[in-house]
Amino acid sequence: MRTLPDNFLWGGAIAAHQIEGGWDKGGKGVSIADVLTAGAHGVDRKITDGVLEGYYYPNHEASDFYGKYKEDIKLLAEMGFRCLRTSIAWTRIFPKGDEEEPNEEGLMFYDNLFGELLKYGIEPVVTLSHFEMPYHLVKNYGGWKNRKVIDFFVKYSLTVLKRYKDKVKYWMTFNEINNQKNYKYPLFGYTCSGVIFNDDPHPEQCMYQVVHHELVASALVVKEGHRINPDFKIGCMMACVPLYPYSCNPEDMMYSVEAMHDRYLFGDVHVRGYYPSYVWPEWERKNIHVKMEPQDERILREGTVDYVGLSYYMTNAVKAGAVSEGNGLDGFPGSVPNPYVKASEWGWQIDPVGLRYALNLLYERYQIPLFIVENGFGAVDKIEADGSIRDDYRIEYLKAHIEEMKKAVIQDGVDLIGYTPWGCIDCVSFTTGEMKKRYGFIYVDKDNEGNGTLERKKKKSFSWYKKVIESNGEDL
Ligand code: P53
């Protein structure tokens with residue numbers, strides 16, 4: 001009987017701005033995540049003009065991983081984690097983004113953090129940019145619209161790649177770069193790039209320009225990174241939300257193929273090193289002109305990624321001619337509810353088989369290793385009178401997804417590096433800024449308004465996941 005490989009990287013995922021807090025500690029600068037207020041399902045987070053009096057900013061303190069990482073890592077080690085995916089806050093290293101010299105105190109923080117992980121044999125998996133660029137670069141340079149930001153990002157990246165070259169092997173450049181294809185929804189452009197596309201006279205063109213800069217920056221970092229340490233594995237990261245055809249009507253089928261171009265586009269460039277054929281006619285049709293420098297073509301070709309990191313939470317179904325706008329959270333243009341699956345309280349459709357489908361799609365397309373770096377179930381957890389948290393719904397979700405993931409590896413032959421469910425320690429929700437949308441095996445005592453002791457508690461899923469890791473995914 002075939003099983004998952006022995007060195008399969010079981011772990012969990014978090015991101016600096018959603019877990020660390022300490023937003024103004026250790027010389028850290030203000031990041032774009034620090035000017036986001038809290039929203040709710042259906043209520044957008046506000047983007048304020050700097051940090052203003054009278055607003056609550058949930059990421060400022062978050063789960064205080066900055067202060068409690070030792071305690072947290074001890075718990076992760078108890079679960080048997082083999083890796084932890086987290087990100088570096090750019091603003092701890094270059095507080096404003098355009099300084100000459102990095103902030104040593106910030107560098108020390110990650111030295112200590114990665115050192116603590118390695119002490120327990122936990123491999124750090126690190127994203128360079130997960131929704132938290134310096135606010136200064138947004139205000140003074142216009143964010144990623146400005147080509148100069150490529151240089152700032154590359155400088156920051158090479159600083160940390162060099163500093164941690166013996167501590168970290170697995171890297172990713174940008175988190176979910178493809179969220180921005182949904183250029184009408186301000187949160188995505190702002191968090192990925194510090195740009196609100198709707199403020200531009202040609203929002204869609206602006207989005208492509210911004211992403212072109214990011215793709216070039218990513219390729220430069222991959223190429224230079226391999227010089228720093230040839231053993232580095234540097235990946236991209238894409239939000240993988242497969243768009244099913246609503247029916248076998250050929251029109252629906254073809255519409256889903258077209259819609260999937262939106263999902264694949266940036267991954268195609270990261271992996272293959274050039275823009276896919278379908279982009280040129282689209283740009284022509286929409287009168288989109290992206291400025292590229294003569295050297296960009298070579299840079300993209302020379303900086304292709306070693307693996308594809310993906311987040312998988314849900315699928316959506318699209319119907320030709322359907323009018324829904326969709327915002328990329330609970331739907332895409334033309335998306336309609338899928339009658340065969342249920343959705344979470346936040347409208348995210350739960351579809352474990354979709355994970356196997358996604359892994360097949362991506363592996364057939366790219367033929368390089370995949371890494372599931374996010375998956376999970378955001379839900380409200382209740383503390384029982386005896387203090388326990390019985391999150392059976394979460395266990396059920398993860399179990400069903402792991403079963404399908406195993407099929408992809410064992411029956412379909414997909415080369416998969418590991419599995420890191422999202423928010424293994426409760427943290428601030430990205431899309432809504434809420435605390436109550438929880439994903440963790442470890443509960444953090446804090447509510448949506450910021451009240452709570454920050455005390456950690458093991459949920460029922462804690463011992464369940466420990467057993468899963470111990471048995472290498474056999475005992476679900
Ligand atoms: P929250 C959409 C589809 C798949 C992944 O989200 C997504 C999104 C939203 O862009 O984003 C990832 O906390 C993101 C994480 C985030 C996680 O989804 O809103 O990389 O930062 O926390 C879960 O429930």
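A quick note: this is a predicted structure, and the numbers were derived from the prediction, not measured. Heads up: numbering here begins at 1 and tracks the sequence. Excluded from the calculations below are hydrogen atoms, water molecules and symmetry mates; all remaining heavy atoms, backbone and side chain alike, are included. Ligands are counted one by one from 1 in listed order, and the atoms in each one are counted from 1 as well.
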Practice item. Could you pull out, from E374, Q18, H17, the option with a heavy atom nearest to atom 22 (O) of ligand 1? Key: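 Minimum heavy-atom distance to atom 22 (O) of ligand 1 goes to Q18.
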**Study point:** CG on L75 to CZ on F441, rounded to 0.5 Å
**Key:**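 If we round to the nearest 0.5 Å, F441:CZ and L75:CG are 12.5 Å apart.
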Where does [X] meet ligand 1, judged by heavy-atom distances below 4.0 Å: at the side chain, the backbone, both, or neither?
X: W346; result: neither
X: N179; result: side chain
X: F430; result: both

Review point. Does atom NZ of K46 have more than 12 heavy-atom neighbours from other groups under 6.0 Å away?
Key: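 No, not enclosed.
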Review point. Considering residues, nucleotides and ligands other than Y55, do more than 12 of their heavy atoms fall under 6.0 Å from its OH?
Key: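 No, not enclosed.
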Review point. Do T173 and S218 get their side chains close enough for a donor-acceptor pair, meaning under 3.5 Å?
Key: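 Yes, a side-chain donor-acceptor pair sits under 3.5 Å.
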Check your understanding: Is it the case that Y312 and H401 place a side-chain donor and acceptor less than 3.5 Å from each other?
Key ->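 No.
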Could you list the atoms of ligand 1 found under 4.0 angstrom from a heavy atom of [X]?
X: H130; answer: 15 (C), 20 (O), 21 (O)
X: S429; answer: 1 (P), 13 (O), 19 (O), 24 (O)
X: M314; answer: 3 (C)
X: K437; answer: 1 (P), 19 (O), 24 (O)
X: N175; answer: 20 (O)

Review point. Non-hydrogen atoms of S311 versus ligand 1: any pair closer than 4.0 Å?
Key: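 A heavy atom of S311 does come that close to ligand 1.
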**Study point:** Contact with ligand 1 for Y312, non-hydrogen, under 4.0 angstrom
**Key:**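 No, Y312 has no heavy atom closer than 4.0 Å to ligand 1.
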Point to revise | E374: partners by side-chain hydrogen bond (donor to acceptor under 3.5 Å, both in side chains), with sequence neighbours left out | key: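 In terms of side-chain hydrogen bond (donor to acceptor under 3.5 Å, both in side chains), with neighbours along the sequence ignored, E374 is linked to R85, Y313.
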Review point. Taking 4.0 angstrom as the limit, do K286 and E282 come out as a salt bridge?
Key: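 A salt bridge is present here (some side-chain N lies under 4.0 Å from a carboxylate O).
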**Study point:** salt_bridge(D391, K460) N-O dist < 4.0 Å
**Key:**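 Answer for the salt bridge query: no.
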Exercise for review: May I ask you to check if ligand 1 and W348 share an N or O to N or O distance below 3.5 Å?
Suggested key: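 No, no N or O pair falls under 3.5 Å.
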